[in-house]
Every structure is written in C-alpha cells, then in structure tokens.
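What follows is a short report on a single structure.
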Number of protein chains: 2
Amino acid sequence: MNIEIKHLRTLKMLQQTGSLVGAAQRLHLTQSALSHQLKGLEALCGSALFLRKSRPLAFTPAGKRLLALADLVLPAVQAAGRDLARLSGGQSGRLFLVIECHSCFEWLLPAMDVYREAWPEVEMDLTLGFSFEPIPALLRGDVDLVVSSDPVPIPGVVYEPLFAFQVMLALAKDHPLLEKPLIVPSDLQDQTLITYPVERERLDVFKNFLDPAGINPIGHRTCELTAMMLQLVASRRGVCVLPNWALAEYLARDYVAARPLGPEPMWGTLYAAIREDERHLSYMKEFLETAREVSFKNLKGIRVVKDSGFD
Amino acid sequence: MNIEIKHLRTLKMLQQTGSLVGAAQRLHLTQSALSHQLKGLEALCGSALFLRKSRPLAFTPAGKRLLALADLVLPAVQAAGRDLARLSGGQSGRLFLVIECHSCFEWLLPAMDVYREAWPEVEMDLTLGFSFEPIPALLRGDVDLVVSSDPVPIPGVVYEPLFAFQVMLALAKDHPLLEKPLIVPSDLQDQTLITYPVERERLDVFKNFLDPAGINPIGHRTCELTAMMLQLVASRRGVCVLPNWALAEYLARDYVAARPLGPEPMWGTLYAAIREDERHLSYMKEFLETAREVSFKNLKGIRVVKDSGFD
DNA sequence: AATAATCATCAATTGAATTCATAAAATTAC
DNA sequence: GTAATTTTATGAATTCAATTGATGATTATT
C-alpha cells in the first residue's frame, strides 16, 4: 500500500473534529473504518501519528508532518478538481437560490462568497420565498435551488441534505419554562408563539411538534426577521422555535436563553431542493459541497446527514 | 470515487513512458489495469485526459492540468515519505557498496548523488569487488550491498532486483560477425574473448552461454576497465560481452558495433545483494528505489524486473 | 497487405476496504 | 469511587473495487 489522498483527508478531518467518531461522521464512514485505516497508515509510516489518550487528539511529529503535507496537497487537489470541472463543460450556469427563513443568511452568504471565487461564471441570485410557492417555481425553472427543512416528495425534485440541527425554543432570560431541561408540547399551551410568516402547514413546530400532541398555543404572531423575533422574545412578548445555530450568537451574547424541544431531542434537517436533472451538474455539486463545508466551519452544533433526502 | 495519488503516479508514468504498456510495466501492473484505471479517472474528470491515437501519447488540457497537479503533489509526497522514514528511526545507517563491474559506475554514481541529498546521515562507501569475495564480506558485515548479476541462493542473503538488461557482444566496426543478426555460442569459437578479471565461474558468458554449448574461445584475456576493453575491441584484439546500457554511449559515438547474444535474445538481471535482516530498513529500501529510478532515467534499453530474486 | 504492437473490453478473480458486532479503555457524571 | 456514557480497538464477515487474463479492435510498422 501507499499513502493516498484519502489518508490526508482523514488526517485533516481528524484534526478538525478532534475525534475518530467525529471525523468518521463527516467523512460518511464508520468509526471502525477509520480506526482500521489509521492503523494501516501508521504501519505504513512506521510510527504512531497521534495520541488517542488525550482530548482533543494530539498529533505526533509524524502526524504533524503528514498534516503539513495535507495542507499543501488538499487545496491543490481541490483547485485542480475545479479546473477539471470547468474544462469538462458545465462551467457556466445559473444558480437562483431561494430561502424560506432569514437565519439562513448566516451560513448561506459566506458560502456564496466562497463559491463565487471558484465559479465566477455561474450567475447567482438569492430571493426570499415568503411571497410565492418556491417548489412550483423550482419546477417551472424560475429558480434553481430552494433551501428547505420540509422535504415533500415531488416528481422531478430531489432533496440534497445539507446538515442537521437541533430545534430549540428561545425564551426570555427569566422565563419560567427555563426550569425545565426539555420543552414538551403542552408547555406551549399558554404561550405566544412567534413564527416566520409562512403557511401554518409548512411550519415544523406545528406539523411535527404541536399538532401531533393536539396543542394550540394561546397566541401566535409572525415576524420576518430573526433579529426582530428575538427582540420580541427578550422583551417577553412570546417565545419562538429556531434552529440551534441561528440562536448561537444570541445565546453567546446572553441576550436570550433557550431549551431543546422534547420529549427526545428534536433534530431537523436542512435540504437543498433541486431539479432532478440538474443533480449531476458540476457547478451544482460544487455548490452543495461548498455550502456544507462552510456551514460546518461556521456553525456550532450541527451534524452531518448520512443519506440523501427523498428523490 | 475520488482522485488519488495513485492516479497521479499513473499519469506521470504515462507521460514518461509515452504508452500504456510502458507505464504498466514500470508500475508493476497489467496494461488492462491501467486501461481500466484511466477510464475510471476520465469518467471522474468528465473528459478525456489523453489521445490514444498518437505516439507518443498526447495529453488533453484536462490531462495537462492533472500532470501539473502531479508535479506539485508527487515530490511533496515523496519528501514527506522520507521525513517520515527518518522520524520512525533508522534515519542514519551505513551503506557500503561493492560493485563487480566498472560499468556500473555509470548509473551507480548518479544514484548515490541523488540518494545522498535525501539521506545525508547515511555513511556511504563504494569499493570494487575484484580483490575479495563480496558475498562472504556481506555476510561478515564488512559491506552492506553487493551489486551482482549472479544471484547465488545463500541463507541470510536476499537479492533485490534492480533492472534487466540485454546482453550484447561488442565487435569492431568491420568485424565479420556483424553479418549475423544474432550471435550464437559457436560464433565465438575462433575469437579472443575479453572479460573482467573475475573467476571464470562467475562470468555469465561462460556459465550461461558458452559452457552449456561446450564452446571454448580460442583466446581469453582480462581487463579491468570498460573503456580499455572497448579500445581493445575497436582495435580488433578481441570481442567482449557487455550489458547494452554499458555499450550505449560507445555505440552512439560509432566507436564499436554490437550484436545481441542468441539464440533467443539474452537478458540478464542486475541485483542488489543485501543481508536479509536489513531488507526492511528504511534507508535501505529508499536506496534501492532511488537506484532503480535513476537507472531508468539515465539508461536506455533496460527493463523492469517483475519479482524479487532468490530470498 | 501483412505483421506486430498498442489499447479497449468482457467476465472472473483477487484483494483490500468497509461494516457489524463486541470488547476494551477512557471520560464524564453522580 | 462507582456507574454510565462515550470513545477507540479488534476480529470476522461482507461488500465493493481493482486487477487480471483472454480476446478483439485499432493503430503503427515493415
């Protein structure tokens, strides 16, 4: 055997995640596979590459040497990959994006910036999906990608998973519900719920949390902007359900508090809905990859999603 | 699948050899394997990488892009490999070499130069094996590597193949034997044969060519230096048997002529005899690899040897 | 035109990488 | 300090991909 790029990817991911399990997840492999792979690599190199008995993992000099190699090689490989994708046609295209929740700006804008560097010829646009039905627009060809956490199976549309996040209830810092470690549906009975202004059927809180339990909050008001929502929450005008990552910066600033939704912790998945026939376009694949990568870099508390959504 | 270093090696070798078969040989793979591998790689890249219908192979822009990547990546990988080998012990050692034929200088000195760059801590020496028995000296530990084309199975000694060469008979430019396309044993009956000054039993000409046919040349004289040998040959004082690569520069200068030994073309193999227990030392493995690489680069008409010699 | 060489392709095989199940070790919580 | 949880290691079975061997097509060479 010989050193391969795969090994460098593993090492690098090991560095980024600080654990075998973490790296395995992000690489879509089992922990066992990585353990075997690293054992083999260490045999090949003739020495240990990292110390297991320390958290986060510490690399030996040999490990560091390989990481240095990875830092040189991996970007070069990626750049070559992009050049190849361009050379083989499909270099220019259109990527009109739609988001349905404002907090997506947080990861989407940086992702678009990174992407634009590598694919300058792709025409990009970003619109909010509040005023129209995004999926029909996608099928019509008005737009090319819809960010959604609600994958309704529709012929001609595939849902590519981006990442998974935990669903949290944002609460004022002195809110009585903070007593509870976990929020169950009945806790919202006597609360005012603040949501984005989309139809009730497309709001996960109702569809997956309240409705199954037959609970209806006493109040409901809508708000377009996440920042505005949280201002309302902070001033005790209501509570709202948001993904953990959208909340992260507000929690860090101690602006509001939050509790996970239960009974068992509730995970949502964000998908990119695209037309099936565009699934294999190189500029499309690259965008999805970039989006995932940038998200994992910028957001705390999100997870890899194993397999693709509904086809 | 993804691009791997293996692919880059293949591409690079393809460039160096100019053909699939050639690259396959040097990589110790079948032509079929390379064909499949390249087909897969092209599918991955989305476009052809080289044009088959031209000799030597011509690379497409995509192929050239990957070659550029290879030129960046492969040296970096090799350097990292050396650093790792050093880190995992065995960084310094001793490498006393013995050669039994002067012409080996041609490839051995450049190989040593390349090697010394990467392994400055390894103590090197080179002696001629005319005045002593090299293999016993190897077993005693007086020397560490003997270059030999005569692999006698001896416990504790392994023969690592370096390359294969064609055995030629050097002849004066107007020699009558030039009429024949191939030299058979009986042709030497009435010739004076010039050899290196080693025991008759260790000379391939006798052992593998003349003795089996029961032929004895009319004359026999020895000579230490290849250049001197060829001077004698040129002045019609005799003929001598040499590997094609040792002859190459003299043939190019039109100083002497040559014919292959037959009936079927005779190939010899050059081995590095080393002690079995040192076979896996990293500085030893690296030396063998360097020697092969430099030889293939500098010598014309040599071949890869599939498998290792006697253990 | 005939011969030799190179390359592509198929089916069969080999071999390596991955998974699954489980044990061992280490970390965290109590 | 013990229990519980998480992380890593390992062995055997499986899966998947790469390699081979045989053969046919194509392209150079004579």
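Chain A is the first sequence line, chain B the second, and so forth, proteins listed ahead of strands; every chain is numbered from 1. All values below were derived from every heavy atom in this structure, side-chain atoms included, with hydrogens, water molecules and symmetry-related copies excluded.
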Using the test side-chain contact (heavy atoms from CB on, under 4.5 Å), find all partners of A:A68 that sit at least two apart in sequence or belong to another chain. A:R65
side-chain contact (heavy atoms from CB on, under 4.5 Å) involving A:D174 - partner list, sequence neighbours excluded: A:A172, A:R236
When the distance from CG of B:L38 to P of D:dA18 is rounded to whole Å, what number comes out? 12 Å
Using side-chain contact (heavy atoms from CB on, under 4.5 Å) as the criterion, list what pairs up with A:S32, not counting sequence neighbours. A:T30, A:H36
Expressed as a whole number of angstroms, how long is the span from A:L51:CG to D:dT7:C1'? 15 Å
Between A:L20 (CG) and C:dT19 (P), how many Å, whole number? 14 Å
Generate the contact string for nucleotides 10-15 of chain D. Rules: B means base contact, S means sugar-phosphate contact only, - means no protein heavy atom under 4.0 Å. BBB---
Can you tell me which residue among B:H7, B:E42, B:K39 is in a side chain to side chain contact (heavy atoms under 4.5 Å, CB included) with B:L49? B:E42
Among C:dT6, D:dT8, D:dT20, which is the nearest nucleotide to the side chain of B:A33? D:dT20
Just to verify, what does A:E4 make a side chain to side chain donor-acceptor pair (under 3.5 Å) with, not counting sequence neighbours? none
Can you list the residues that meet the side chain to side chain donor-acceptor pair (under 3.5 Å) rule with A:K180, with sequence neighbours excluded? A:D187
Inter-end axis angle, the helix from C:dA1-D:dT30 to C:dC30-D:dG1, with every axis fitted to five base pairs (rounded, 10 degrees): 50°
Rounded to whole angstrom units, what separation is found between the CG atom of B:L29 and the P atom of C:dC7? 15 Å
Whole Å only: how far is the CG atom of B:L27 from the C1' atom of D:dT19? 13 Å
Mind calculating the distance between CG (A:L34) and P (C:dC20) to the nearest angstrom? 14 Å
Rounding to a whole Å, what distance do you find between B:Q37:CD and C:dA8:C1'? 15 Å
Going by side chain to side chain donor-acceptor pair (under 3.5 Å), name the residues that satisfy it together with B:N208, two or more places apart in sequence or in a different chain. none
Listed partners of B:E106 passing side chain to side chain donor-acceptor pair (under 3.5 Å), at least two apart: none
Less than 4.0 angstrom from a charged side-chain N to a carboxylate O is my criterion; do A:E289 and A:K285 meet it? no
Measuring from the side chain of A:T30 (C-beta onward, heavy atoms only), which nucleotide among C:dC20, D:dA18, D:dT8 has the closest atom? C:dC20
Value in whole Å for how far the P atom of D:dA28 lies from CG of B:L57: 11 Å
